[in-house]
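As C-alpha cells, the structure follows; a few thoughts come after it.
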Amino acid sequence: MPVAQPASATGEHPPGAALVGTKYVKVPKNDPSQAKEANDAPKFPIAPRMTADKGRVPHVASTQQYLEMWQRSVDKPAEFFAEQARELLSWMTPFSVAHHGDLHHGDASWFLDGTLNASYICVDRHAFATPDKVAIIYEADHPDRPHVEITYRELLRQVCQLAGALHAQGLRKGDAVGIYLPNTAHAVVAMLACARLGLVHSVIFAGFSAEALRDRLRDCQCKVLITADQGMRAGKEINIKSIADEALREAPMVQKVIVHKRTGNPNVKMDPTRDIYWDEAVKSHRPYCPPVPMAAEDPLFMLYTSGSTGKPKGLMHTTAGYLLGAALSTKYVFDVHEGDKFACVADVGWITGHSYIVYGPLALGTTTLVFEGVPTWPEPDMYWRLIQKHKLTQFYTSPTALRALRKFGDEPVKKYDLTSVRVLGSVGEPIDPNTWMWLHDVVGKGEAAIVDTYWQTETGAHVLTPLPGAIETKPGSATVPFFGVRPAILDPQTGEELEGNDVSGVLAFKQAWPSMARTVFGDHDRYLETYVRPYPGYYFTGDGCTRDHDGYLWIKGRVDDVINNAGHRLSVAEIESALTAHETCAEAAVVGAPDEIAGQCVIAFVTLKHTHIPTSEIPALLTYAVRRSIGPIATPKRIIIVPDLPKTRSGKVMRRILRKIVANETDSLGDLSTLSDPSVVQTIIDLHNNKQ
Ligand code: WTA
C-alpha cells in the first residue's frame, strides 16, 4: 500500500487524501492545528476506525475508490452527475441535457430539460414502497414529553393536506411562502407541502426578530406565512406569533397566516380575517394532492444569509441540483444504509437543517430526527440521551455545541450506550483539534468515523469533507473535496492560484457543481459580484484556507466582514447599522473576537453623538437595539464606548486594528502611522482592557 499519493493525474491538487491502510497519521510540526493548540496537542491526530468496523462496508470503501470517483466527478461532471441523478432522484420527465453553463458566466445549470418534484422524491416514493417506515422522529423541547413518530404514509397525508390548504389560498407554482416555525416536525411538513406545489419556501429562523422577519418577508414578497402560536426553548415559551404579528404590520403582502398550535396558549391572539389554525386549515382537504411537475432548474427554496453588506441575501436553490447534492452527500458523507436512523440537531431555519434534517435524509428514505430542544437543558446530556433512546446511527452537530458539552466532562456521555453511532459529524465553524479528539475518543469511543464537513448556504451541500471508510482524518481539517468540487487556493491580492502543497490563501472552487445556489433572489448582479467576479472563473467562498503537506485542506475562517458566532453567520455591516440607527450612537465598528465556546463573539466599538454623554445604560440600550433589529443571535458580548474609532486619513475605519485589540494581540498592531489620530489606539486598548 502506498503511504502518500502523488498529485492526481491532471496535475492538480485535490485529494491530498494520501494515506491508506494506516490507522494513525502523524502530523508534522508545521501543521496548522499545532500552531493553534500548542499547549495540549500531544496526542493527535488519530485517524478514526472506519465504519466498516461496525459490520458495514462503506459506500466508498477505500481511498483509491474515492480518488477514482472524485476524479471522474470533476473530469466528466455531466456524465458522473447524470448517473447519480438517475440513481438517487425520480424523474417525471427524464433529462437529456445534464449540464450547461459555467462559473465564468455565472449561468451553470443542471439536468435542464428534466422534470421532477422534491416532495414526491422525499415522501411519495417511500410512502408507496415502505409506508410503515418511520420518516420523522420528533423530539420536543422537554425529555418528559413523549416523542412523535411519523411514518412515510402519515407524512404523505400531512404534506398533502397542507398542500391542499395552500392551494385553496390561491397559491400557485412560483409563489413565495414564509415559514417561521420552531424546529418541529410541522416545519418539515410545511417545507414539503410548499415543494409539492412548486411554492418557493423561505424559512426564517425562529430566533430572528420582528424586523428581520419583516425584511425577509418583504424581500421575497411572501403571500402566506406559516408560523406557530409559541415556541419552546429550554423550557421557556417564546411568543412567536406576537413577533410575527409585529412583522406583518409592515408586510401587507402577506395575506394569510397559518398557525400551528405548538403550546395552545389561550392568550395568543388571532386575527380572524387573516389567521387560521393549521388543523382548521387542513381538515377539509383530502389526504392526497398531486405533486406539481417542476423543471430541474425551477426554484425549490430561498434562504437568507448574511454577507459583508447590510442587506441579507436570499440565496436561491433549484429543485434537481440542490436535491441531488443533499441526497448524494447524505449517502456518502454519512455513509447512510438501509435501517439507519439519522440525526442532524441543527435548526430547519438554517441550510444545515434544510439539507440534513429534511431533503437529504428524506430523499434517501431514511428516518430523520427533528430535535426542538437545546443540548444542555434540562441536563447537559440531551444529545447522548437521544442517541441511546433511538439507537441513532449518525449524529451531526456543531463545534459550539460540542465545546459547551465538553465543559461538563465525560460523565454525562459515559452514562449512555452510544455504540449505535457509526458517523459523527461537525459543521458550521472550524472545529479545534481538542474538541475533535473528544468527539472521537469520548463520544465515538474511538470507533465512530468523524466527519468535519465544510460547506455554506451557497454550496447547498458538503464541499470539503472526509468520507467514512475512505479518507483518513486529521483533527481540525475538513480534509478533501467532495464529488464535483475542484478546490483552489488563491493569493488574495493577485488572485493567482497557489499550486502545490503547504500554501495558504483564500478558498475558491474552479468549476460548478449541481447543488450550488444559482442566484440571489431579485439581484443576480449581486450574486455575480459576491461569488463570481472577485476571482473571475472561480466561485469565491469568503474563507481563508491552508493546504498542508499532504494536500489536506484546513479552513481558517472568514476573510470578509462576516462573524461566525456559534455557527451563525452575522454581518458586521448589519450589526453596525442596527447600532447607528439608535439615537445615541454616532459611529460603530463591529469585530469578531475569539470565544472559548462560540468560536467567535461580537464586540462593538461605538462613538456617541455629541448630544449624549457615556452612561452605564447606553450599552444596554444599544444591545437591545441589535436584538430588536436582528435577533438575540446577534447580541454583542461587549459594547465599548470610545471617544473615536481608528480611522485612516480618508476616514476608513480600520477594523483590522480592533480585531487585534480584541484578540489581545496588541504587540502586533502593525503600522499605525496611516491613522488620522494614532493616539486613539491606546485609549481604545485601555478601555477594552478595563472591562466595563
Ligand atoms: C463556516 C453552514 C470551518 C465557514 C453549513 C463558511 C466552517 C460558513 C465549516 C458558512 C467547517 C462551515 N469548518 N468552517 N466544517 N462549516 N464553516 O452559510 O466560514 O451558515 O463560510 O453554512 O461557516 O456558514 P453557513
Side-chain angles (χ1 to χ4, degrees), residues 32-33 36 203-205 207-208 301-308 312-315 317 322 325-326 329-330 333 344-360 396-403 424-433 435-436 439 450-466 471 473-482 485 487 506-509 515-517 520 530-531 539-546 552-572 592 598-600 633-634:
S33 63
K36 212 171 150 206
V203 183
I204 298 116
F205 174 59
F208 275 120
F301 65 85
M302 64 184 107
L303 186 59
Y304 284 83
T305 189
S306 294
S308 28
K313 299 183 280 271
L315 285 156
H317 278 287
Y322 168 81
S329 54
T330 306
V333 176
C344 164
V345 286
D347 191 288
V348 287
W350 309 113
I351 191 69
T352 306
H354 281 60
S355 300
Y356 301 108
I357 295 176
V358 186
Y359 287 111
Y396 194 27
T397 183
S398 69
T400 291
L402 292 170
R403 283 191 290 263
L424 290 162
S426 165
V427 61
E429 39 180 321
I431 180 164
D432 53 282
T435 304
W436 194 107
L439 185 63
I450 309 294
V451 289
D452 173 8
T453 60
Y454 165 83
W455 59 297
Q456 309 177 304
T457 305
E458 294 84 341
T459 68
H462 304 143
V463 280
L464 304 181
T465 177
I471 304 295
T473 40
K474 296 186 187 187
S477 166
T479 71
V480 296
F482 189 57
V485 175
V506 293
L507 179 67
F509 300 130
S515 68
M516 67 187 295
V520 170
T530 313
Y531 306 110
Y539 166 88
F540 174 49
T541 62
D543 282 298
C545 186
T546 294
Y552 273 53
L553 297 161
W554 300 73
I555 299 296
K556 313 307 283 178
R558 304 286 310 190
V559 295
D560 52 9
D561 282 330
V562 171
I563 296 174
N564 191 333
N565 171 257
H568 301 144
R569 269 165 76 165
L570 304 172
S571 152
V572 162
Q600 276 191 307
I633 50 168

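When a ligand or atom number is given, it counts from 1 through the structure's own listing order.
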Hey, is [X] touching ligand 1 through its side chain, its backbone, both or neither, going by heavy atoms under 4.0 Å?
X: T457; value: both
X: P430; value: both
X: L464; value: neither
X: R569; value: side chain
X: T352; value: side chain
X: I351; value: side chain

If we only consider heavy atoms of W350, is any one of them less than 4.0 Å away from an atom in ligand 1? no

For T473 and P475, indicate whether the former's side chain and the latter's backbone hold a donor-acceptor pair under 3.5 Å. no

With no hydrogens and no angle check, is any side-chain donor or acceptor of T453 less than 3.5 Å from a backbone partner on T465? no

Under 3.5 Å: N/O of T541 near N/O of ligand 1: no

Under 3.5 Å between some N or O of ligand 1 and some N or O of T453? yes

Going by the atom numbers of ligand 1, which of them fall below 4.0 Å from some non-hydrogen atom of I555? 3 (C), 14 (N)

For R558, the atoms of ligand 1 under 4.0 Å from one of its heavy atoms are 6 (C), 19 (O), 21 (O)

Write out the residue and atom name of the closest protein heavy atom to atom 21 (O) of ligand 1, then the distance separating them to 0.1 Å. D543 OD2, 2.5 Å

So which protein heavy atom does atom 11 (C) of ligand 1 come closest to, and at what separation? E429 O, 3.5 Å

Would you call the rings of Y322 and F301 parallel, tilted or perpendicular if under 30° counts as parallel and over 60° as perpendicular? perpendicular

Heavy-atom nearest option to atom 2 (C) of ligand 1, drawn from W455, W554, Y454: W455

Can we call the ring centroids of Y356 and H462 under 6.0 Å apart? yes

If we only count heavy atoms from C-beta on, is the I357 to Y396 side-chain gap below 4.5 Å? no

